[in-house]
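Take a look at the structure below.
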Amino acid sequence: MLAASPIFLVADGMGGHAAGEVAAGIAVAELGKLAGTTDLGPDQLLDAIDAANRAILDWSASRPDTAGMGTTLSGVALGRVGGSPHWFVFNVGDSRVYRFDGAALTQVTTDHSEMEELIRAGAITAEQARHHPRRNVVTRSLGTDPAPIADIWVLPAEPGDTFLICSDGLTLEVDDVDMSAVLRAAREPADAAAALVARAIAAGARDNVSAVVVSLPRVAEQTTADVATAPRHRLPDADS
Ligand code: CA
């Protein structure tokens, strides 16, 4: 995870626990180079995602035991388009970005996963996907050649905008209605990420659970996102 204005993200590693953590860490380090950037543009963001992909490939090329390691990458960055503040919501893989309007959550990103394809084809329901044996299979990830195409959405930034970024360890355990309820109940965005992770653990989380909540202060002239929370992260138990 990374929460370093203007960039906020979750990277959920894959390819064996240790190698996955390395891949996620490389992605965080590469994207972290954007921390403190003013007037970030979408091309700069996409270049950083490409650099992260290359860095993961370079690492695993010299270490056969980490072959195939990769990571998801989902997040938001606050930048500028045409002189005005905009969010860049980005995604590779099956971690997610939701927008929260104070009442309900709307998923902004589209999962790159077998489950998403099966749901779109009408072969299974979203509820069946939660318990499907192949629920962890992603169709795009960082650490691949050719490089994955990152989805990017450009949204005008308004005071009060709130986003939830999370790994599938959260969304497999807690549905959108319950996640909305947690966000509404949290007095501060500060509390929301911790409460969401706690909810996933209580539900018996079988996977990494990562959540970052980003909120743009309700002050008109404020242009820098402020994460009022330390991002929350929980690794799976050693025997899970
Ligand atoms: Ca996962």
Side-chain angles (χ1 to χ4, degrees), residues 1-3 8-31 49 52-53 56 59-60 66-76 89-98 105 107-120 124 126-144 148 150-151 163-176 178-179 182 193-213 231-240:
M1 277 171 310
L2 177 67
F8 309 89
L9 63 84
V10 163
D12 189 17
M14 60 189 75
H17 180 57
E21 288 293 303
V22 171
I26 291 170
V28 165
E30 283 296 327
L31 275 292
I49 295 172
N53 186 67
I56 293 167
W59 177 283
S60 59
T66 63
M69 76 176 186
T71 184
T72 72
L73 186 72
S74 301
V76 299
V89 176
F90 54 95
N91 182 51
V92 176
D94 67 352
S95 298
R96 291 180 179 171
V97 177
Y98 290 85
L105 282 169
Q107 188 176 338
V108 180
T109 53
T110 302
D111 296 353
H112 302 136
S113 68
E114 281 194 1
M115 293 303 103
E116 179 69 20
E117 292 179 1
L118 288 172
I119 291 167
R120 282 179 182 250
I124 60 169
E127 184 53 32
Q128 286 170 328
R130 285 174 181 279
H131 308 288
H132 198 285
R134 293 177 66 79
R135 62 182 174 267
N136 290 317
V137 179
V138 298
T139 51
R140 291 187 215 175
S141 59
L142 289 189
T144 58
D151 288 337
F163 293 93
L164 164 65
I165 311 162
C166 59
S167 67
D168 67 338
L170 176 61
T171 51
L172 285 170
E173 305 299 341
V174 186
D175 66 23
D176 291 12
D178 285 347
M179 290 196 297
V182 169
L196 286 165
V197 172
R199 182 70 68 96
I201 292 167
R206 296 155 286 179
D207 197 359
N208 281 5
V209 182
S210 303
V212 177
V213 176
R232 302 297 166 154
H233 189 52
R234 179 232 179 220
L235 293 175
D237 297 332
D239 61 352
S240 66

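These numbers were taken from a predicted model, which means no experiment stands behind them. Every number for a ligand or one of its atoms is a count from 1 in the order of the listing.
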Shortest non-hydrogen contact from L142 to P148?
CD2-CG, 3.7 Å
Can a salt bridge be assigned to the pair R130 and E127 using a cut-off of 4.0 Å between side-chain N and carboxylate O?
yes
Heteroatoms of the protein, restricted to N/O/S, which lie under 3.0 Å from the Ca ion (ligand 1)
D12 OD2, D168 OD1, D207 OD2
Kindly write out the residues that satisfy side-chain hydrogen bond (donor to acceptor under 3.5 Å, both in side chains) with S167, not counting sequence neighbours, or none if the list is empty.
none
What are the two closest heavy atoms between A24 and A11, and how far apart are they?
CB-O, 3.6 Å
Would you call R135 and D168 a salt bridge, using N to O less than 4.0 angstrom?
no
Measure the CD-CG distance between E30 and L2 for me, rounded to the nearest 0.5 Å.
12.0 Å
